[in-house]
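The structure appears right after this line, and notes come after that.
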Protein chains: 2
Amino acid sequence: MDRPLDQTDWRILTELQRDGRLSFSRLAGLVNLSSPAVAERVRRLEESGVITGYRAQVDPARAGQPLTAFVQMRCALGRCLLKTTAAEDLPEVTEVHKLSGSWCSMLKVRVASMAHLEGLLERLGEHGEMNSHIVLSTAYEGRAVVPPAPGERTVTASEGWTR
Amino acid sequence: MDRPLDQTDWRILTELQRDGRLSFSRLAGLVNLSSPAVAERVRRLEESGVITGYRAQVDPARAGQPLTAFVQMRCALGRCLLKTTAAEDLPEVTEVHKLSGSWCSMLKVRVASMAHLEGLLERLGEHGEMNSHIVLSTAYEGRAVVPPAPGERTVTASEGWTR
DNA sequence: AGTGAAAGGGATCTGGG
DNA sequence: CCCAGATCCCTTTCACT
C-alpha cells in the first residue's frame with residue numbers, strides 16, 4: 001500500500017521538520033527537484049499520514065509554563081485516565097502514554113508554578129497511585145525523525161514491528 | 001522586557017500551532033486584524049523566542065520507528081549522559097531531561113523494533129543504572145500550549161517561577 | 001515520476017491616514 | 001493599527017520526456 005520512503009522523501013522530511021514554512025519552490029531547490037515534483041511528493045506524504053501537520057513550535061517557558069514534570073500513574077479500577085475524558089480536560093497534561101510494566105500510564109505535564117503542579121497532582125491523585133518527577137532542565141526535545149541507518153531493515157507501521 | 005502576551009497574541013499562537021503554514025492574510029482574517037498588524041505581531045513573537053520555529057509533524061510509526069519507550073537513568077559518576085555528547089550521537093533518543101529525585105534523567109526513545117530497543121538499552125546501560133518503560137499506545141502527544149486560565153497569575157520565564 | 005514554461009492568483013510590503 | 005496599491009513570488013496546470 002504505502003511504498004517505503006526513498007532518499008528524496010527523507011530529504012524533504014528533514015527540511016520540512018527544520019522549517020515547516022518552506023515554500024515548494026525553495027524546497028525544490030534544496031532537494032534538486034522541480035516544484036511540481038516536490039509538491040506531488042509532499043501531497044503524498046501528507047495523504048499517507050507520514051506528515052500529520054505543520055505546527056508553530058511554542059516555547060512553554062516563554063508562554064507562562066516554565067515548569068515541566070513527568071507523572072507515572074497506576075490507576076484505580078474504573079478510574080483509568082485513558083478510559084475517561086479526565087485528561088482531555090486538563091490542558092496542563094500535554095502527553096498521555098499507556099505503558100507496559102507496573103505503571104499503567106506516563107504523563108508529561110506543563111504548569112505555571114509549583115503551586116499549580118501541587119494542585120494538578122491532587123486532582124490526578126483521585127485516579128490512582130502516582131509517581132512524579134520534576135524536570136530540572138531539558139537538554140533537547142522534539143528531535144526530528146531521521147531516516148534509518150544504512151543497511152538497517154525498514155519496518156513500516158502497516159507491517160507491524162515484530163521480528 | 002518582553003511584554004506579557006495579550007489575548008490577540010494567544011489567538012495567533014493557537015492558530016499557528018494548529019496550522020503552522022497559515023499565511024498572514026488568512027491568519028489576519030481568523031483573528032480580525034489586518035495582514036501587516038499580524039505580520040508585525042508574529043515577527044515579535046519569533047524574535048522574543050515565544051515561537052521557536054515551524055516544523056512539519058512526522059508520524060514516527062509511519063516513518064519506520066513504531067516503538068516508543070521512556071528510559072530513566074541513574075548515571076554513574078563522570079558518565080552522565082548530559083555531560084557527554086553520547087546522547088547527541090544517538091538519534092533514537094528524541095528527548096533528554098534532567099530530573100530531580102532519585103533518577104537523574106529521563107529519556108524518550110523511538111526505535112524501529114524490539115531488537116533495536118534491546119541494542120540501544122545495552123549502549124545506554126554503559127552510562128549507569130536504567131529503568132525502562134515501553135509505550136503500548138499514545139493517547140496524545142504534543143498538545144498545543146494554551147493561554148493561562150482566566151484569573152491565573154501569569155509568570156514569564158524571565159521572572160522565574162518561584163512563588 | 002519528473003521537467004519546463006506560462007498563467008493566474010495571492011501574499012507581502014510600503015507609504016499614507 | 002488600518003487601508004490601498006504595487007510588486008514579487010509562489011502555486012498550479014499542461015504538454016512532453
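Quick note on labels: first sequence line is chain A, next is B, and so on, each numbered from 1. Computed from a predicted structure; not experimentally measured.
One can place CZ of Phe24(B) at 14 Å from P of dC10(D), the figure rounded to the nearest angstrom. Regarding Arg26(A), its CZ atom lies at a distance of 11 Å from the P atom of dC9(D), rounded to whole Å. Rounded to whole Å, atom C1' of dT12(D) lies 13 Å from atom CZ of Arg43(A). The separation between Arg21(A) atom CZ and dG10(C) atom P is 18 Å, rounded to whole Å.
Contact between Ser35(A) and Ser25(A) at its shortest, heavy atoms only, is OG-CA, 3.4 Å. Taking both residues in full, the closest heavy atoms of Leu30(B) and Arg11(B) are given as O-NH2, 3.4 Å, listed atom of the first, atom of the second, then distance.
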Let me have the donor-acceptor pairs involving side chains of residues 36-43 of chain B, under 3.5 Å, with sequence neighbours excluded, atom names and distances please.
from     : atom 1 : to       : atom 2 : distance (Å)
Glu40(B) : OE1    : Arg43(B) : NE     : 3.4
Glu40(B) : OE2    : Arg43(B) : NH2    : 2.9
Glu40(B) : OE2    : Arg44(B) : NH1    : 3.1
Arg41(B) : NH1    : Asp6(B)  : OD1    : 3.1
Arg41(B) : NH1    : Asp6(B)  : OD2    : 3.1
Arg41(B) : NH1    : Asp9(B)  : OD1    : 3.0
Arg41(B) : NH2    : Asp6(B)  : OD2    : 3.3
Arg43(B) : NH1    : Glu47(B) : OE1    : 3.0
Arg43(B) : NH1    : Glu47(B) : OE2    : 3.0

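At most 12 heavy atoms of other shown residues, nucleotides or ligands fall within 6.0 angstrom of atom CZ in Arg26(B).
Rounded to 10 degrees, the angle separating the terminal axes of the helix from dA1(C)-dT17(D) to dG17(C)-dC1(D) is 30°, with each axis obtained from five end pairs.
Between the side chains of Arg110(B) and Thr94(B), no donor-acceptor pair of N or O atoms lies under 3.5 Å. The closest side-chain donor-acceptor pair between His116(B) and Glu118(B), if any, does not fall under 3.5 angstrom. Side-chain atoms of Glu46(A) and Tyr54(A) form a donor-acceptor pair, as typed in the model, at a separation below 3.5 Å.
Looking at Lys108(B) and Glu141(B), a side-chain N of the basic residue comes within less than 4.0 Å of a carboxylate O on the acidic one, giving a salt bridge.
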Scan nucleotides 1-3 of chain D against the protein and return all N/O pairs shorter than 3.5 Å with their distances rounded to 0.1 Å.
from   : atom 1 : to       : atom 2 : distance (Å)
dC1(D) : OP1    : Arg41(B) : NH2    : 2.8
dC2(D) : OP2    : Ser34(B) : N      : 3.0
dC2(D) : OP2    : Ser34(B) : OG     : 2.8

